Amino acid sequence: MAELPPTDTPSLLARLPGVTALALTIVAKADLSPAIIELELAGPLEGLVAAPGNDLMLAVPVEGGDGSFRRRYSIRSIDAHTGRLRLWIDRAAGGPGARWAATAELGTTIEAIGPRGKVTLDTLADWHLFIGDLSFLSAAYNMAEAIEPPGQALFVIEADERSHLPIPALADGIGVTMGIIERHGRGLDDPTGLLAGLAAIDFPEDDGHVYIGGELQVVAAMRRSLIERGITAEQISSKPYWRLGTSNLAHGEPQKS
Ligand SMILES: Cc1cc2nc3c(=O)[nH]c(=O)nc-3n(C[C@H](O)[C@H](O)[C@H](O)COP(=O)(O)OP(=O)(O)OC[C@H]3O[C@@H](n4cnc5c(N)ncnc54)[C@H](O)[C@@H]3O)c2cc1C
């Protein structure tokens, strides 16, 4: 396996163009559903110029030890004036990142490096299709909220239960098609459910863009299916967020091979 780049703060700041390191403090916390934890964090956000779809690399503390490792979480919303941002964290990961989010108390401070991520809204597209699991919801909803009327937002999202999914409130004039796929015990790397949900979507006319986030094998299967249906590679922005059976690596990415 290729050696990972260092994940200490000075190395990341030197290696990643345009990012800043911030100390963020948890000021509110809520269970949005049995599956999603919402964290509201406060800090000096003036220098964090983030586009919808961008994420932050949190320095999650090593449990019972010293130091930290990186976990990436998409920005659900950000307000530089109030100095507040929100993250949505899928409990299903169950690893140290999800456990930190579940147990961290109000007042806890954590370092975040960002903005990160290349998947942002294609503002020239007429329709936007978001495909993934609950880990992708924060990025998907943040991008969808940036669509301007008369754009269309289509979602094909898989969750254990329909009730685990908060429904987005998009601006008047945005057409919304919400496809929620219940998992019914299928494996987390089984793309069957999302493939069926995608097959049920008739792509609107005009130019569209498709955004995919979630488990590595599922993301690859969705990408292949889209290409088979005539969507071009340029119309697809996909990002593996995690990989079944292996923890994400210390820099926050899933292991690719
Ligand atoms: C660019 C980017 C943006 C991301 N944005 C978000 C976000 O906004 N919200 C969010 O919740 N996650 C997001 N993720 C995914 C998140 O970083 C990973 O799921 C991360 O692995 C969770 O860390 P952990 O320490 O809890 O679990 P890990 O130690 O990485 O994994 C523990 C075990 O859980 C499994 N697993 C990991 N993630 C999931 C999952 N989501 N569902 C089910 N099983 C899982 C793994 O296969 C492993 O077996 C993002 C990832 C990337 C790369």
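Note that this is a predicted model, so its numbers are computed, not measured. No hydrogens, no waters, no symmetry mates; every other heavy atom, side chains included, goes into these values. In each ligand, atom 1 is the first atom listed, and ligand 1 is the first ligand listed.
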note = Residues passing the salt bridge (Lys or Arg N to Asp or Glu O under 4.0 Å) test with Arg183, sequence neighbours excluded, are Glu158, Asp160
task = Please write out which residues are connected to Met57 in a hydrophobic cluster, directly or through intermediates, given that two of Ile, Leu, Val, Met, Phe, Trp, Tyr count as joined at side-chain heavy-atom separations below 4.5 angstrom.
result = Leu12, Leu13, Leu16, Val19, Ile113
task = Please work out whether the ring planes of His128 and Phe130 are parallel, tilted or perpendicular, with thresholds of 30° and 60°.
result = parallel
message = So, regarding Gly252 and ligand 1 (criterion: nitrogen or oxygen to nitrogen or oxygen, under 3.5 Å), is there a contact or not?
response = no
inquiry  = Would you say the rings of Phe136 and Tyr211 are close, in the sense that their centroids are separated by under 6.0 Å?
reply    = no
key: salt_bridge(Lys239, Glu253) N-O dist < 4.0 Å   = yes
note = Which of Arg76, Arg71, Arg72 passes salt bridge (charged side-chain N to carboxylate O under 4.0 Å, His left out) with Asp55? Answer is Arg72
task = Identify the protein heavy atom lying closest to atom 48 (C) of ligand 1, giving its residue, its atom name and the separation to 0.1 Å.
result = Thr246 O, 3.5 Å
request  = Would you check whether Pro96 has a nitrogen or oxygen atom less than 3.5 angstrom from a nitrogen or oxygen atom of ligand 1?
outcome  = yes
query = Of the protein's non-hydrogen atoms, which lies at the shortest distance from atom 34 (O) of ligand 1, and what is that distance?
reply = Ala93 O, 2.8 Å
ask   = Counting heavy atoms only, which part of Ser138 comes closer than 4.0 Å to ligand 1: side chain, backbone, both or neither?
value = side chain
inquiry  = Please tell me whether Phe203 and Trp127 form a close aromatic pair, meaning their ring centres lie under 6.0 Å apart.
reply    = yes
remark   = atom 49 (O) of ligand 1 has as its nearest protein heavy atom Gly245 N, 3.6 Å
query = Of the protein's non-hydrogen atoms, which lies at the shortest distance from atom 8 (O) of ligand 1, and what is that distance?
reply = Ser74 N, 2.9 Å
ask   = Where is the nearest protein heavy atom to atom 11 (O) of ligand 1: which residue, which atom, and how far?
value = Asp90 N, 2.7 Å
Among Asp55, Leu134, Leu216, Asp133, closest by any non-hydrogen atom to atom 1 (C) of ligand 1 = Asp55
message = If I apply the N/O under 3.5 Å rule, does Ile89 come out as touching ligand 1?
response = no
ask   = Which residue from Arg71, Glu63, Arg72 reaches closest to atom 16 (C) of ligand 1 through any of its heavy atoms?
value = Arg72
ask   = Could an N or O of ligand 1 be found under 3.5 Å from any N or O of Asn248, whether backbone or side chain?
value = yes
query = Taking the side chain from Arg84 and the backbone from Ala80, do they hold a donor-acceptor pair closer than 3.5 Å?
reply = no
task = Measure the distances from the heavy atoms of Ala139 to every atom of ligand 1 and state whether one is below 4.0 angstrom.
result = no
key: Within-cut-off N or O pair, Ser247 and ligand 1, under 3.5 Å   = yes
inquiry  = Give me the residue, atom name and distance of the protein heavy atom closest to atom 12 (N) of ligand 1.
reply    = Ser135 CB, 3.5 Å
message = Just to confirm my output: which protein heavy-atom neighbour is closest to atom 15 (C) of ligand 1, and how far is it?
response = Tyr241 O, 3.7 Å
Pair Arg99 + Glu63, salt bridge at N-O below 4.0 Å = yes
task = Using a 4.0 Å heavy-atom cut-off, say whether Phe136 meets ligand 1 through its side chain, its backbone, both or neither.
result = neither
task = Answer side chain, backbone, both or neither: which part of Arg243 comes under 4.0 Å from ligand 1, heavy atoms only.
result = backbone
ask   = Can you tell me which residue and heavy atom of the protein come closest to atom 27 (O) of ligand 1, and the distance to 0.1 Å?
value = Gly95 CA, 3.4 Å
inquiry  = Quick test of your reading of the structure: of Tyr73, Trp100, Trp88, Trp242, whose heavy atom lies closest to atom 39 (C) of ligand 1?
reply    = Trp242
ask   = So does Arg86 pair up with Glu40, basic N to acidic O under 4.0 Å?
value = no
request  = Spell out, as yes or no, whether a donor-acceptor pair under 3.5 Å connects the side chain of Glu111 to the backbone of Ala23.
outcome  = no
inquiry  = Counting only heavy atoms not in Lys118 (residues, nucleotides, ligands), do more than 12 fall under 6.0 Å from its NZ?
reply    = no
